[in-house]
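Order of the sequence lines sets the chain letters (A, B, ...), proteins ahead of strands, with each chain counted from 1.
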Number of protein chains: 2
Amino acid sequence: MLAEVITIGDELLIGQVIDTNSAFIAKALNKIGVSVYQITSIQDDKSHILKAFQEAESRVDIIIITGGLGPTKDDITKKTIADYFNDTLVKDLSVLENIKKLWKPYAIESLLQTNLNQAYVPSQATVLMNVLGTAPGMWIEKNDKVFISLPGVPYEMKALIEGQVIPKIKQKFRCPFILHKTLLVFGLGESALAERIEAWEDNLPKHIKLAYLPDLGRMRLRLSVKGFDEKKLKAEVQEQIELLLPLIKEEFFGFEEGNTSIEGIIAEQLTKLGKTLAVAESFTGGKIAESFTKNAGASAFFKGSVVSYATQSKIEVLGVSERLINEKSVVSGQVAEAMAVRVLNLFNADYAIATTGNAGPSKGDSDEEVGSVFIAIASKYKVFSEKFNLGNHRLKVINKGANKAFELLLKEILKN
Amino acid sequence: MLAEVITIGDELLIGQVIDTNSAFIAKALNKIGVSVYQITSIQDDKSHILKAFQEAESRVDIIIITGGLGPTKDDITKKTIADYFNDTLVKDLSVLENIKKLWKPYAIESLLQTNLNQAYVPSQATVLMNVLGTAPGMWIEKNDKVFISLPGVPYEMKALIEGQVIPKIKQKFRCPFILHKTLLVFGLGESALAERIEAWEDNLPKHIKLAYLPDLGRMRLRLSVKGFDEKKLKAEVQEQIELLLPLIKEEFFGFEEGNTSIEGIIAEQLTKLGKTLAVAESFTGGKIAESFTKNAGASAFFKGSVVSYATQSKIEVLGVSERLINEKSVVSGQVAEAMAVRVLNLFNADYAIATTGNAGPSKGDSDEEVGSVFIAIASKYKVFSEKFNLGNHRLKVINKGANKAFELLLKEILKN
């Protein structure tokens, strides 16, 4: 089963926006056994869009189009689709209903004709209701081919892909069973991991594919298999995992399920244990708090965070001793540990993370090199810290630092 | 002058890697007046690559190809290019020299035949020396068309584009002048903005293109123009902007230059004024702090943040009155204002943002609906709050809430 993705929008062709939609769609299709043959980005230009549709239709079975569905004059995808199918636009009452519902929090006078026009769809289209926005998704079949048009706004597109497009494709086409099993591994680099499991990898059956996915200090190890005998494939992968696990006993933290991340595993563990967490962040600047709170259910375990960015705030808000900072430097294991203990008490939490360091690009309030950081973990009975050097790329230092903190905390939680 | 970008690699088609190269290349080409007609991502597959070359050649003058130049067996771009031009690969001594130089820090025995093979290029190609890696860039002219092949590793590709490709294109082709001017507009939805400026848009000269780029409560409005008379084009765009600005007086916040965001404008303003900022975040959970601290230079104005996620922490860490919370509810304008004032004092800052609300998916510690949020801004002499309803999609509520907070703060800063 083959598909293509066509992303429409001048902003892509002038480099103002990076196309992240295609990778998301390709990944979702891959999971259900549909391979993507080509990804094409084109301008909001009628003749070019028509030509791209025609070419894609000659090559593949499923064509997914994103973008150009907005209410303004530069958005022409919907009219062009109608032209492509010699169709006309008709008002869809369910879409109209949805638009009015989305408008409920606002004054109804502000609902403009351009918004109401969003309710028009090609008469042959099956509407894929977009409850997050006014532009509906559309599904149009022609002979044995399917055209699917989605809004370009990423979270609207994602909801439609997951909630409607993937289930409908699975229903219409007989897709092979694809199994990806991804192991989360921490504390081993790519080469070290590869060397450790080399003999196992050499003996892996040819039809089981292995991929190493490094990500800022974490590794994901993915086994993939594809075919029609689901039961047999599952058993084969399980057998290989049982051979693999003893080799990475210390470094294996769990399986990635859906969008599970290490933050997700921590959230799950803390919620299960009825324990709570507080954070004191310096160089990570809120990144750790944000990583936990962006997921639903955070209030079950996440008490809060103090982003003590300025040195003075470590003293005044967290209550770290000024003498300790002067004696040991603000970027030191001792200060990290003091921050962790202080924030643990401040929020009356069971566990605390603290970070201090310099994310760069220039040196801050300490003599430590850019990228030198200390991370501390405190619990009711214990506090410890570790030093890391995370390079000199600011965003990388912040993200790697957050990942290291998650790793240390999870190890500590799992010990108990 | 038209160009196309072709990115080659299986990882793009399974969604494992997001193609960021195309946007970089498109932006660089645009700056020198070359328009990108299409971006195409394809697999490491010979017949598909040949077909993509042929199609692109029929449409445009410049074809830029990235990826597939690695030393391993799955990288076939170079051989395929030679086939496309009925050419053979010959050893290039300057490339060989470069490879040996790159290998200097390592044991020479580790230099494998596969690495040495990187020195072979099609005989018609002009080498674009890649001092950052072993895969050379290649420039091949055919009739009046140019094919440019570059490694897919982003920093190698970027160095070649900036250092060699752009200067060579400017030398070979007479490129028009392209001007993009992007206005940042806050507090108006796409449709409302379109209606407000409809008469102006209808009178816009045909050769000036207008695009609406919505982004969670912010809008970017882009005017684009292209031609050979730089002075005249600049004057025309300026004239249109002067007609437009009075229509969006309240909502216009500045021009986008490079990667300017509203956080960037706030950072710039506060640094210029020598003023500081503190934040108390509930439903935004660290997002606001993280948005400021991820950029270098944050320590000049950003004092810190308290993520008071649990209600108890609003009382114990921030010192908001328990009675106020009980009387007015934790999600209320009064509590938001109290949080802002408390955090302003706690960090001794000049401005403070506070957020309280419910990002969903289920109701929290208050009776307010999911998506109902209050945002407060405090300065030394003033505190106020506003209520917003931001829908029921958790991440959207968080991101829109942060944007609304930036908007309110910037308005307040600009008043003074």
* Is chain B contacted by the side chain of S22(A), its backbone, both, or neither, given a heavy-atom distance below 4.5 Å? -> neither

* Asked: If we only count heavy atoms from C-beta on, is the E290(B) to E281(A) side-chain gap below 4.5 Å?
  -> no

* Residue, of G304(B), S191(B), A278(B), that accumulates the most heavy atom pairs under 4.5 Å with chain A -> S191(B)

* From NE2 (H393(B)) to CD (E156(A)), nearest 0.5 Å -> 9.5 Å

* Asked: Going by atom types only, do K303(B) and Y309(A) share a side-chain donor-acceptor pair under 3.5 Å?
  -> no

* **Best-contacting candidate, G285(A), S291(A), G297(A), against chain B by heavy atom pairs under 4.5 angstrom** => G285(A)

* Over all atoms of both residues, closest heavy-atom pair of L12(B) and I39(A) -> O-CD1, 3.7 Å

* Contacting region of N345(B) [heavy-atom separation from chain A under 4.5 Å] -> neither

* Asked: If you count heavy-atom pairs under 4.5 Å with chain B, which of T20(A), I6(A), N295(A), I288(A) comes out on top?
  -> N295(A)

* **Toward chain A, the part of V17(B) with a non-hydrogen atom under 4.5 Å** => backbone

* Asked: Any side-chain heavy-atom pair from V36(B) and I14(A) closer than 4.5 angstrom?
  -> no

* Asked: Any idea which of E201(B), K294(B), E4(B) has the most non-hydrogen atom pairs under 4.5 angstrom with chain A?
  -> K294(B)

* Which one of N348(A), V397(A), I398(A), L132(A) has the most heavy-atom pairs closer than 4.5 Å to chain B? -> L132(A)

* To do: Output, in order, the C-alpha distance, side-chain angles, deciding distance and verdict of side chain to side chain contact (heavy atoms under 4.5 Å, CB included) for R220(B) and Q16(A).
  => CA-CA 11 Å; R220(B) 288 182 294 170; Q16(A) 192 167 32; 4.1 Å; yes

* Asked: For T293(A) and T284(B), which heavy atoms make the closest approach, and how far apart are they?
  -> OG1-O, 4.4 Å

* Shortest non-hydrogen contact between L13(B) and N30(A), atoms and distance -> O-ND2, 4.0 Å

* Structure fact -> Per-residue tally against chain B (heavy atom, under 4.5 Å) across S305(A), A289(A), G286(A) peaks at S305(A)

* Where do R394(B) and A298(A) come nearest, in terms of heavy atoms and distance? -> NH2-CB, 4.3 Å

* **Contact class of D19(B) relative to chain A, heavy atoms under 4.5 angstrom** => backbone

* To do: Check the side chains of Q38(B) and H48(A) for a donor-acceptor pair under 3.5 angstrom, ignoring hydrogens and angles.
  => yes

* List for me each residue that meets salt bridge (Lys or Arg N to Asp or Glu O under 4.0 Å) alongside K314(A), sequence neighbours excluded, and say none if there are none. => none

* Structure fact -> Comparing K287(B), E316(B), R222(B) against chain A, the one with the most heavy-atom pairs below 4.5 Å turns out to be R222(B)

* Structure fact -> Greatest number of non-hydrogen atom pairs under 4.5 angstrom with chain A, of A3(B), A23(B), A211(B), S313(B), falls to A23(B)

* Asked: What part of T182(B) gets closer than 4.5 Å to chain A, counting heavy atoms only: side chain, backbone, both or neither?
  -> side chain

* Which pair of heavy atoms, one from G15(B) and one from A26(A), lies closest together, and at what distance? -> N-CB, 3.7 Å

* Structure fact -> Interface check, chain B: of F283(A), F292(A), F24(A), Y37(A), most non-hydrogen pairs under 4.5 Å belong to Y37(A)

* Engaged part of E11(B) at the chain A interface, taking heavy atoms whose separation is under 4.5 Å -> neither

* To do: Check whether any side-chain heavy atom of Y212(B) sits under 4.5 Å from a side-chain heavy atom of D75(A), and report yes or no.
  => no

* **Beyond-backbone contact of F347(B) with V317(A), side-chain heavy atoms, under 4.5 angstrom** => yes

* Asked: Taking atom NZ of K209(B) as the centre, does the number of heavy atoms from other residues, nucleotides or ligands within less than 6.0 Å exceed 12?
  -> no

